[in-house]
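Counting starts at 1 for both ligands and their atoms, in listed order. Treat the numbers as computed from the prediction; the structure is a model and nothing was measured.
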Amino acid sequence: MKYADIDWNRLWQEERRQKSWRRKKKKDWDKRANSFAKRTAGSDFSDLLLAMIAPPAGTSVLDVGCGPGTMAIPLARLGLTVTAMDFSEQMLAQLSSRAAVANLETITTIHGSWTDDWQELGVGRHDLVLAARSLAVEDLRGALEKMVAWARQEIVIVDRVGPGPFDPELFAALGRPFEPGPDFVFTMNILFQMGVTPRLDYLEFDQQRRYADRQEAMDGCGWMVDDLSDAEQQKLAAYVDERLSSNSDGTVTLTRSKPVKWAVIRWNVHE
Ligand SMILES: C[S@@+](CC[C@H](N)C(=O)[O-])C[C@H]1O[C@@H](n2cnc3c(N)ncnc32)[C@H](O)[C@@H]1O
């Protein structure tokens with residue numbers, strides 16, 4: 001077999017079917033918008049990514065799968081114009097209310113999906129096209145080609161490494177099998193086959209997370225697993241208690257054995 005004959009898009013699709021959690025639809029993201037917004041607000045992710053990519057002043061950004069504005073809000077704080085697209089209306093509602101509170105006026109939201117016709121949605125080309133933790137698509141190659149077509153300069157992708165935000169130790173504690181599904185290796189290989197040789201860096205963060213109380217820590221981990229039974233709730237509590245320490249101000253800190261790791265894949269479309 002030759003490397004060029006490997007159909008990475010198909011391998012990606014097959015691995016996606018074997019992962020341990022259900023594919024999230026629009027309504028699942030709608031339901032999680034509030035808790036996701038809270039969870040990401042306490043994370044170091046956006047500061048670390050911003051420091052790494054440091055977009056110059058005047059850059060226009062298309063943020064696909066923007067969620068509650070994890071990146072759109074800090075980018076707008078820098079004075080950049082951002083088009084924030086997501087297929088979840090509730091995520092966009094979170095973003096809009098956070099932007100209003102912060103008095104940010106350079107974000108335009110678009111209710112749309114990776115698979116929509118972006119031309120019909122009126123999405124213009126942007127200097128930087130960003131997909132942060134949002135490439136949960138069936139046709140990965142199609143999504144990458146779309147990013148290339150809409151980018152005037154830079155593309156930045158934040159992609160899963162191994163378990164991504166999931167903690168395999170939680171699955172082990174619950175006695176559930178853990179299949180993380182495909183990660184950045186597939187994206188890199190599809191890009192190589194498209195003739196792109198991107199820059200690859202990694203971000204590691206959130207090994208420790210501070211929560212208001214034990215219940216919040218439980219919620220901060222419980223999202224990883226679908227449909228917890230009562231017995232599993234108790235196992236989740238035991239997993240959390242083993243990793244929890246109290247702080248002098250009454251808050252608690254949860255320490256995982258490993259940080260969360262993501263790949264940052266980026267390139268200039270003219271190089
Ligand atoms: C894990 S969140 C990431 C949000 C944000 N970019 C971040 O890094 O925090 C994934 C986001 O992608 C959105 N999403 C998932 N599939 C999508 C699709 N097919 N089209 C548009 N948005 C999608 C979800 O609604 C959700 O807001």
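- Salt bridge K38/D219: absent, no basic N to carboxylate O contact under 4.0 Å.
- We find that D167 and K258 are not joined by a salt bridge, their nearest charged nitrogen and carboxylate oxygen being 4.0 Å or further apart.
- For the pairing with W223, the ring pair (Phe, Tyr, Trp, His ring centres under 6.0 Å) check across F36, F166, W29 returns one residue only, F166.
- Heavy-atom neighbours of Q234 CD from other residues, nucleotides or ligands within 6.0 Å: at or below the threshold of 12.
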One pair per line, please: each N/O atom of ligand 1 matched with every protein N/O atom under 3.5 Å away, atom names first, then the distance to 0.1 Å.
residue: ligand 1; atom: 6 (N); partner: G65; partner atom: O; Å: 2.8
residue: ligand 1; atom: 6 (N); partner: A132; partner atom: O; Å: 2.8
residue: ligand 1; atom: 8 (O); partner: A132; partner atom: O; Å: 3.2
residue: ligand 1; atom: 8 (O); partner: R133; partner atom: NE; Å: 2.9
residue: ligand 1; atom: 8 (O); partner: R133; partner atom: NH2; Å: 3.4
residue: ligand 1; atom: 9 (O); partner: T70; partner atom: OG1; Å: 2.6
residue: ligand 1; atom: 9 (O); partner: R133; partner atom: NH2; Å: 2.9
residue: ligand 1; atom: 19 (N); partner: S113; partner atom: OG; Å: 3.4
residue: ligand 1; atom: 20 (N); partner: S113; partner atom: OG; Å: 3.4
residue: ligand 1; atom: 20 (N); partner: W114; partner atom: N; Å: 3.1
residue: ligand 1; atom: 22 (N); partner: F87; partner atom: N; Å: 3.4
residue: ligand 1; atom: 25 (O); partner: D86; partner atom: OD1; Å: 2.6
residue: ligand 1; atom: 27 (O); partner: D86; partner atom: OD1; Å: 3.4
residue: ligand 1; atom: 27 (O); partner: D86; partner atom: OD2; Å: 2.7

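- Taking the six-membered ring for Trp, F171 and Y239 have ring centres at least 6.0 Å apart.
- Between K26 and E89 there is a salt bridge, since a side-chain N of the basic residue sits under 4.0 Å from a carboxylate O of the acidic one.
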